[in-house]
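Comments concern the structure below.
Within every chain, numbering begins at 1; the chains are lettered A, B, ... in the order of the sequence lines, protein sequences first and strands thereafter.
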Protein chains: 4
Amino acid sequence: MVHRPPPGTLRPQGRTERVRQAVVSATRGLLAADGYDALTIERVADAAGVAKSTVYRRWRDTAGLMMELMREVAGAAIPLADSGSVDEDLRVLAIEIVKFFSGTSGAMVLALVAESVHNPDTAAGMREFWAERNERAAIAVRRGIDRGELPSEVDPVEVIRALGAPLYYRMLVTHEPLDDVVAARAAAAALAAARAGTLSRSD
Amino acid sequence: MVHRPPPGTLRPQGRTERVRQAVVSATRGLLAADGYDALTIERVADAAGVAKSTVYRRWRDTAGLMMELMREVAGAAIPLADSGSVDEDLRVLAIEIVKFFSGTSGAMVLALVAESVHNPDTAAGMREFWAERNERAAIAVRRGIDRGELPSEVDPVEVIRALGAPLYYRMLVTHEPLDDVVAARAAAAALAAARAGTLSRSD
Amino acid sequence: MVHRPPPGTLRPQGRTERVRQAVVSATRGLLAADGYDALTIERVADAAGVAKSTVYRRWRDTAGLMMELMREVAGAAIPLADSGSVDEDLRVLAIEIVKFFSGTSGAMVLALVAESVHNPDTAAGMREFWAERNERAAIAVRRGIDRGELPSEVDPVEVIRALGAPLYYRMLVTHEPLDDVVAARAAAAALAAARAGTLSRSD
Amino acid sequence: MVHRPPPGTLRPQGRTERVRQAVVSATRGLLAADGYDALTIERVADAAGVAKSTVYRRWRDTAGLMMELMREVAGAAIPLADSGSVDEDLRVLAIEIVKFFSGTSGAMVLALVAESVHNPDTAAGMREFWAERNERAAIAVRRGIDRGELPSEVDPVEVIRALGAPLYYRMLVTHEPLDDVVAARAAAAALAAARAGTLSRSD
DNA sequence: GAATAAACGAGACGGTACGTCGCGTCTTTAC
DNA sequence: GTAAAGACGCGACGTACCGTCTCGTTTATTC
């Protein structure tokens, strides 16, 4: 009788899955060590102990590898505070985002943003990734609306996007460092705009 | 006898300048036609009718060519309105920025942002480019402060950056189209944040 | 009830045979259409609607496929004239050989000769194939000897080989076209050599 | 002052020529050591201590390398005997040809013949190569005609080709070894055919 | 008619070589 | 004597087949 994985197991355990893990792991390692520019298919294949053709069979290019990696990262979602105050919750959220941008994930996000400029597939993947995250984070804003801390016309996702925009601006345009002060200010500015009625749904 | 440019002319007219113009022009053409990815030194040299080594002698890489091109674009600065109302002036400014992002300049900016992720030189060039522009645009905010439309603690450049951030966010992260409505909203949000005291100098 | 082949049919009719025919047919088709260089196992398998592993299970390489094909071609042997004159019989034979070399079989023979340079298996198969054919054709020479048209010491097979040599020379070395005139000349030269005593058995 | 090659030197002495020699030499070595099948561009480049792209820049494929090698070999032409007897001269010539076919040159010729089946460029090169050689060898036949040893209508080149044909036949079709006896017989057969009038000019 | 052995279909995998492209350096040529 | 032309070393690209290897699914035979 052939061995069967027990039901409930998320991923198959065969050779294919072992290859996938080896490649993703090698991608993560090279990315952290040498940056996106040094991330070539050949090096990934070598580092993963896998044939180049095997990598190409399953991923189009390094951007595809990054998407695979991102899918894994997406599992570890940013935690959502619930302090009873929307101001406090968004401040904490902004700090969490800044924390996420630091370290390996930050480099990954940067590389993916750069890539998505030229690569529609990557762009679509990124859009989806952030849409989901923003939707999740918007829950905190909704709670604030329900508590009467924010006008009811406010578009929750729009607030989250307003919160994230300055962080991206710094990371991508001015390349200034991100810290908790910047994060707090971004949260405060988003809330101010929301209360001034500039982030309403039908605006 | 060697030809000499008449005094008073801004750029020298010799072979060197002719080469520079040919290269920049070829860069612009290839960029518009095939996008940044197709912008290789070899193709630029070919299109400019110039030896590859000549290009290398004066620009390090395609990013360098882009910077050269950007310097030309920088000449045509964004006009600054002076309607007597800071809200109106910033609204117009945001619309001008959106207009600037559309068309060839937008593609160029996108490419440069993507490049600056990996390339410190480009990053520095971009930083300088935008610092200058923002400084110029901040004049409108200063006028508003002087007229008492905004608190005196407001950091004028920070307001301009807050105005630009959502536009970049859309252009780079969500790849949504930019229009006048978005521009107006960005201006309003920045002003709201400024009036709420979240964009102050020593904040 | 399973279909059974009528007794006397040479080949079994099962799945195995269907596969064999599909593969041979695909080989013939690809060979005629795109030449030997384009004859890869993968393409043959695809064209035959058969799994690659199935082809590999039964044939070592494309040369093996060619041999299979040749075995089919070998069934249609070159007809042997019997006019009463060895000169006439060999002239007709040479023309038949030239005819055989034209068309698909010619391409196949060329490819097999080229292959046999590197591949001992193919070389052995070719040797056997031609030995059998030459042996058959030598009958005409023997008849000539019996009739006293040729010296009795003449080696019949050697005459056939002498007849074929110039045809191969043209086909392989000079790539000149083969026609009836060339064929007739080859036959005449072989006969002349035979009568001059240069194609004798113990020579 | 730039170094100049002394006049009369056949080949330039620059980098390009050094590369050429390294590649040809590596080709010869690999061919002799491992045979034509093991002759890949990559291995040649490695063995020559040269970049793969450099090889590709100047030769289309391994067949091109072989042609280059053949051009060098062509310099060392087969010597032409002049004993006063055409029979003897052709016998010696045939033996020389057999000698040429043995050793490295033989493997090279075999590989080129195989290649020329598929590759028109190689075919053309081979044709030219042999045309020149045959033309040279035909001188011996012409001398025989002048001495009255052969009929005046005989086509000298055709005799040479008739002489070579059986040698090729053995080498390519039957893969039998070539020796002096075979060579002598080939020469005798060609002469017999010539005297019988089957190798005449307007035949 | 069920059991079983063989052949098949499907396709991932580790490899090797292909031929191309662009980089940035270094020679050579020509003006 | 300088600058254009372009050969070169280098490294990665993405593709094509190679031949091997499971693994699950027919077929065909045998008991």
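The CG atom of Leu30(A) lies 5.5 Å from the CZ atom of Arg43(A); values are rounded to the nearest 0.5 Å. Note that CE of Met66(C) and CZ of Arg71(C) are 12.0 Å apart. Values are rounded to the nearest 0.5 Å. In this structure, CE in Met108(C) is found 9.0 Å from CE in Met67(C), a value given to the nearest 0.5 Å.
Atom OH in Tyr36(B) sits about 13 Å away from atom C1' in dG22(E), given to the nearest Å. Regarding Arg60(B), its CZ atom lies at a distance of 14 Å from the C1' atom of dT25(E), rounded to whole Å. Summarising the geometry, the separation between CD1 on Ile41(B) and C1' on dG6(F) is reported as 16 Å, rounded to the nearest angstrom. The distance between atom CG of Asp61(A) and atom C1' of dA12(F), rounded to the nearest whole Å, is 13 Å. Distance, Glu42(B) CD to dG22(E) P: 7 Å, rounded to whole Å. In this structure, CG of Asp46(C) is placed 12 Å from P of dG9(E), rounded to the nearest angstrom. Going from atom CG of Asp37(A) over to atom C1' of dG22(E) covers 15 Å, rounded to whole Å. Atom pair Trp59(A):CH2 and dG14(F):P shows a separation of 15 Å (rounding to whole Å applied).
Along DNA chain E, the nucleotide nearest to Tyr56(B) and the one nearest to Val50(A) differ in position, and the one closer to the 5' end is contacted by Val50(A). Nearest-nucleotide positions on DNA chain F for Gly49(D) and Ala38(C) put Gly49(D) closer to the 5' end. Closest-nucleotide positions on DNA chain F for Ala51(D) and Leu39(A) were compared, and the one nearer the 5' end corresponds to Ala51(D). Comparing Arg43(B) and Arg43(D) against DNA chain E, the residue whose closest nucleotide sits nearer the 5' end is Arg43(D).
With hydrogens and angles ignored, no donor-acceptor pair under 3.5 angstrom links the side chain of Arg15(D) to the base of dT28(E). At a cut-off of 3.5 angstrom, the base of dA12(E) holds no donor-acceptor pair with the side chain of Arg57(A). Between the side chain of Lys52(B) and the base of dG6(F) there is no donor-acceptor pair of N/O atoms closer than 3.5 Å. No donor-acceptor contact under 3.5 Å links the side chain of Ser53(B) to the base of dA3(F).
Taking each heavy atom of Arg58(C) and Thr16(C) in turn, the nearest pair found is NH1-O, 3.1 Å.
The side chain of Arg58(C) places no N or O atom within less than 4.0 Å of a non-bridging phosphate oxygen (OP1 or OP2) of dA7(E). Contact between the side-chain N/O atoms of Thr54(A) and the OP1/OP2 oxygens of dG14(E) is found at a separation under 4.0 Å. For the pair Arg20(D) and dA7(F), the criterion of a side-chain N or O lying under 4.0 Å from OP1 or OP2 is not met.
A salt bridge links Arg20(A) with Glu72(A): the closest approach of a Lys/Arg side-chain nitrogen to an acidic carboxylate oxygen falls below 4.0 angstrom.
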